[in-house]
Amino acid sequence: MANIQLTRGIIGKAMRDEEVPAQPIIQILGFKKISAQGGQDRYRLHVSDGEFSHSFAMLATQLNHLVHDNVIEQFTVVKVEKMVCNTMNNKRIMIILQLDVVAQGRDVGAKIGNPVSWGETPHPEPTGNGTNGRSAPAPTAAPTPAPAKAMNAPSGSSFYGSNSNNKSMNGGGKPQQSPKSQRPPLSNQELAGSVIPIRDINPYANRVTIRARVVNKGEIKTWSNSRGEGKLFSMEMLDDSGEIRMTGFNQSVDQYYDMIEVNHVYYISRFSVKNANKSFNSTAHDYELSFTNDTQVIPCLEDDSDVPTLSYNFVTIENIENVEAEKTIDVVGVCKHYSDCQTIVSRNTGKELKKREITLIDQTCKEINLTIWGKTAEDFCDDSQPIIAVKAAKVSDFNGKSLSLLQSSALHINPDISEAHVLRGWFDKDGHSIISQSLSGAGRVGGGGPAPFKLAAEANEVTTVDMEKGDYFMSKVTLMAIKRDNAVYKACNTDKCNKKVMDLGNGMYRCEKCSKETPNYKSRLMLNCNFADFTDNFWATAFQDHGESILGDTSEKLGDMFDNRSDEFDAVIKEALFSQYIIKFRSRMENYNNETRKKFTIVDLNKINHAEYCKQLLADIRESSA
DNA sequence: CCCCCCCC
């Protein structure tokens, strides 16, 4: 093991944020498990380039197996294929994302050279044999013996079976009794011999096994239609040849859903293969798989680093502007803020849906809203402004551009990928205080550029000449009053027609526009609202959707209240007052009774985010005092 | 066997 040359000086360069040579060779002097977010272990490394040593290096968590498998041990020499440096709490940290082992620690057996501890370390570095330095206890303390490398497939005891006897088998430790019609589990030899690449899956290839990494697992979904009802889940898997989707129904859900873990590799055999319906399947594969009663899923226990992990093809937020609606893209951004979880009712199915809006920002200084659904929305609660990476988010052109998660999308919080580390560094240093523009909703560019912020007094001064288009402005205002009368009106029930109908007094309603009389109508909102800030106040109209946001209920329920439970309706109005909003208004001159008057209409409305608003004010102050 | 991907 003589003559191993470390890349001297690389640590100094990395610490000084200078360009580092490609593929530097360094030695691991020790490592230490540290507590980490998300319950996942993280390893801090004590590394040396022969000149300096440094204990603020981190192993990307996808490389944890290298520690668990004793590949990284004391004195192991590695070639760093990929790493990033960040400054965290005034310390430079090296994050090693990819490495190759040059020589095993047990073969090297000693520290190479006489490295000096870098920088702020106040004490001399211990140099005793068999110790790893303060930050890195001896590896003998931590790892358990690695599984035998020669093992191709796991032993029968780790078999996740293909029938319901499984639990009793595990409980009693008895050999499995196959029920009559079922085939016995595949032997290890059968398994290993029949593994084919995912790319080669087709309906005629029987008795094959794939060895695949699960990169996404959807929520359990229930359905009920004329053909029956049931539950199902889908997952996406990949190997180095391709990707494929697999769906499990009913009892397969019970059997496999909890067992299958995202990012783990499994041997899967005895599935059924059918054509992929391209309109609902975003994978590149022509076929998709289903679990059968006979399907066998076996965790891959040996080293699975040859099976690729989820890879992204990120589009910057700025560039999402140019992506067509309905396309799916990968995106990574900082979760600048997020909304409460809301319950809405699907127009198509009548089902209640949970949703939450997340605002993402990246180095292009653009923001975009991402809508998340269901359990993901309910459970999302992370105030640390985490990095969010999404595989296959759907682009929509609602309110500018926005993103929405699909069942087949995958959201990852603080993924251990270089883009995320770089973004983190940017946001913590500069990004958090930057004035950014949103592609979604209020403040976005479009329709003649971003709307300027105006105080109420300034808004009142505006004399709009353009009768057609009008002027747009943003304002931070408090809701002072809502006129109760005419807040709700009965509108024509015809799709797309929202005209006010005439109550004929006989249970029928007439729409002049449609020339139709029906017993039906829909309740719609048209709120006359008074808004104020410290300079002045003005009246503005909030139609349907914005009215629902302000009053916090559906127009249907509000209409019922308005007609039948007047005091309840008054209470709703009272409750809505004195909320603060950031609102985008349109001001326009309108002719009414031979008089030209300026009218304000709400075009976008958001409850104020005080933290966000204060940041903007601070940025404004900085800019104007610079 | 789902096949909806929602709401403003």
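It should be emphasised that the depicted structure is a prediction, and the values quoted were computed from it without experimental measurement. So that the names make sense, note that chain A is the first sequence line, chain B the second, and so on, each numbered from 1.
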Exercise for the section: Determine, for nucleotides 2-8 of chain B in 5'-to-3' order, which nucleotides have protein heavy atoms under 4.0 Å from the base (write B), from only the sugar-phosphate (write S), or from neither (write -). Expected result: BBBBBBB

Fill in the blank from the handout: The complete set of salt bridge (charged side-chain N to carboxylate O under 4.0 Å, His left out) pairs with one or both residues in residues 277-286 of chain A, sequence neighbours excluded, reads none

Exercise for the section: For A:Ser346, enumerate each residue passing the side-chain hydrogen bond (donor to acceptor under 3.5 Å, both in side chains) test, keeping only those at least two apart in sequence or located in another chain. Expected result: A:Thr349

Exercise for the section: Return each pair, listed once, that meets salt bridge (charged side-chain N to carboxylate O under 4.0 Å, His left out) where at least one residue sits in residues 334-348 of chain A; pairs must be two or more places apart or across chains. Expected result: A:Lys336-A:Glu367, A:Lys336-A:Glu612

Handout entry: salt bridge (charged side-chain N to carboxylate O under 4.0 Å, His left out) contacts touching residues 473-487 of chain A (sequence neighbours left out)
Key = A:Arg484-A:Asp570

Handout entry: Qualifying residues under ring-ring contact (aromatic ring centres under 6.0 Å, His included), relative to A:Tyr581, sequence neighbours excluded
Key = none

